[in-house]
Number of protein chains: 2
Amino acid sequence: PPGRKVLIVYAHQEPKSLNGSLKRVAVEELSKQGCSVTVSDLYAMQFEPRATRNDVVGCVYNSEEFDYGVETWEAYKRGSLSNDLIEEQKKVQEADLLIFQFPLYWFSMPAIMKGWMDRVLVQGFAHNFPNCYDSGLLKNKLALFSFTTGGSREMYAKGGISGDIRYLLWPMQHGIMHFCGVKVLAPHICFAPEYVSEEKRKEMLTAWAQRLKTLWKEEPINCSPEWYFD
Amino acid sequence: PPGRKVLIVYAHQEPKSLNGSLKRVAVEELSKQGCSVTVSDLYAMQFEPRATRNDVVGCVYNSEEFDYGVETWEAYKRGSLSNDLIEEQKKVQEADLLIFQFPLYWFSMPAIMKGWMDRVLVQGFAHNFPNCYDSGLLKNKLALFSFTTGGSREMYAKGGISGDIRYLLWPMQHGIMHFCGVKVLAPHICFAPEYVSEEKRKEMLTAWAQRLKTLWKEEPINCSPEWYFD
């Protein structure tokens, strides 16, 4: 709906890829709805995935022993996180919906996107114990993981060799998004696009556009162990 | 035992950290046993986590559309992967045991270590469908995930707010190591070391040294859904 803000965090090296197309489809469809859409194109930005001393501008809190979690928490409070992190946090803060678009790498997101999670979702900003899970600091936001796989739907079925695809969603949806208070919409998964016809890939794009038309009416999943493992 | 080769892939910024100490303890104990131990100290190496065109030296296989999986597979066959990857692959190839030592970040490994997985475990080297899982190309090797957590043992219990710790081991142990044919030893987990006394932390180091003394007699876990979710 008009006025809603969406941040798409996108991790693919190739604009011509299916991931690139899925991202474009989302920008187009959501813009058409009157949403304001921002994209963090991580590879294009050469986004830094490594959590280091460089994320704190100026002096560290404890110069004897470097603890990344403590240092970035303190730096957040002082306003002395590095600029790239402040920029990403602003985008997150403004967004009603976060869409993560990526190819599945090793049952998870690519390292460049994991680095975005590691570095942007700083204590004080995204969570602050006991403000986690349902009382996480990013509550009232939605997240959606949209990804492509190498393995087929059969491999990722219960009883398939790679196990139910939901098993691998636990760390990303529950461990990251739910931990920060974000409500999670059902994932959007394109299975094994490299092994299907061009026509099938086009259908995948159409299905995504179609889903986005009614996305704002969707109810979040019940992000508890039952959804993943029962 | 004398002659066994161990690769420790280590991801912590601070040598004085508990992770740093756990790494040193492992180097000392395993060396004492006559093992030859190699450490990949990822932050010290400024290891590149991003999967990009730069991982292929010279021309790409398909200059129209960049597909990281295909390009690195082809480059592996041609011997034209970037030098940092060739170096890591040599270490893996020679190792009987891989130890991953890291602080848990967001229910998973830090991005710098995820990048090691994404970039080093190339198709053709670590797996080559249908050579995956029990027939993965790194069979006859062992892996062990050794990590520290922020959350307590109670939070990571079945029924705890963060769920059974085994849930989050699935992508790392099954999705990566088992996929490559590597057998997985039970994880070594130090819960919430930042919230315990100095004495307790020393006990954690002693317990690790103790376990390493009989590590070679351990049986791998049965890396199937039952181990993780039952």
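Computed from heavy atoms alone, side chains included, the values below leave out hydrogens, waters and symmetry copies. Just so it is clear: chains get the letters A, B, ... in the order the sequence lines come, proteins before strands, and each one is counted from 1.
Interface residue B/Met109: only backbone heavy atoms are found under 4.5 Å from chain A. Using a 4.5 Å cut-off between heavy atoms, B/Leu42 does not touch chain A at all. Heavy atoms of B/Met155 lying under 4.5 Å from chain A belong exclusively to its side chain.
Here the closest heavy-atom approach between residue B/Pro171 and residue A/Pro171 is recorded as CG-CG, 3.9 Å. Nearest heavy-atom pair, A/Pro49 versus B/Ala111, reported as atom, atom and distance to 0.1 Å: O-CB, 3.4 Å.
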Write out all chain A-chain B donor-acceptor pairs shorter than 3.5 Å, or none if the list is empty.
residue: A/Gln13; atom: NE2; partner: B/Ala51; partner atom: O; Å: 2.7
residue: A/Glu14; atom: OE1; partner: B/Phe66; partner atom: N; Å: 2.7
residue: A/Lys16; atom: NZ; partner: B/Glu64; partner atom: O; Å: 2.7
residue: A/Gln46; atom: O; partner: B/Arg50; partner atom: NH1; Å: 2.9
residue: A/Phe47; atom: O; partner: B/Arg50; partner atom: NH1; Å: 3.0
residue: A/Arg50; atom: NH1; partner: B/Gln46; partner atom: O; Å: 2.9
residue: A/Arg50; atom: NH1; partner: B/Phe47; partner atom: O; Å: 3.0
residue: A/Ala51; atom: O; partner: B/Gln13; partner atom: NE2; Å: 2.7
residue: A/Glu64; atom: O; partner: B/Lys16; partner atom: NZ; Å: 2.7
residue: A/Phe66; atom: N; partner: B/Glu14; partner atom: OE1; Å: 2.7
residue: A/Tyr105; atom: O; partner: B/Lys114; partner atom: NZ; Å: 2.8
residue: A/Trp106; atom: NE1; partner: B/Met117; partner atom: O; Å: 3.2
residue: A/Met109; atom: O; partner: B/Lys114; partner atom: NZ; Å: 2.9
residue: A/Ala111; atom: N; partner: B/Asp118; partner atom: OD2; Å: 2.8
residue: A/Lys114; atom: NZ; partner: B/Tyr105; partner atom: O; Å: 2.8
residue: A/Lys114; atom: NZ; partner: B/Met109; partner atom: O; Å: 2.9
residue: A/Met117; atom: O; partner: B/Trp106; partner atom: NE1; Å: 3.2
residue: A/Asp118; atom: OD2; partner: B/Ala111; partner atom: N; Å: 2.8
residue: A/Tyr133; atom: OH; partner: B/Ser162; partner atom: OG; Å: 2.8
residue: A/Ile161; atom: O; partner: B/His174; partner atom: NE2; Å: 3.1
residue: A/Ser162; atom: OG; partner: B/Tyr133; partner atom: OH; Å: 2.8
residue: A/His174; atom: NE2; partner: B/Ile161; partner atom: O; Å: 3.1

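Highest contact tally toward chain B, considering only A/Met172, A/Met117, A/Met113, is held by A/Met117 [criterion: heavy-atom pairs under 4.5 Å]. Counting heavy-atom pairs under 4.5 Å between each of B/Gly163, B/Pro225, B/Ala51, B/Gly115 and chain A puts B/Ala51 at the top.
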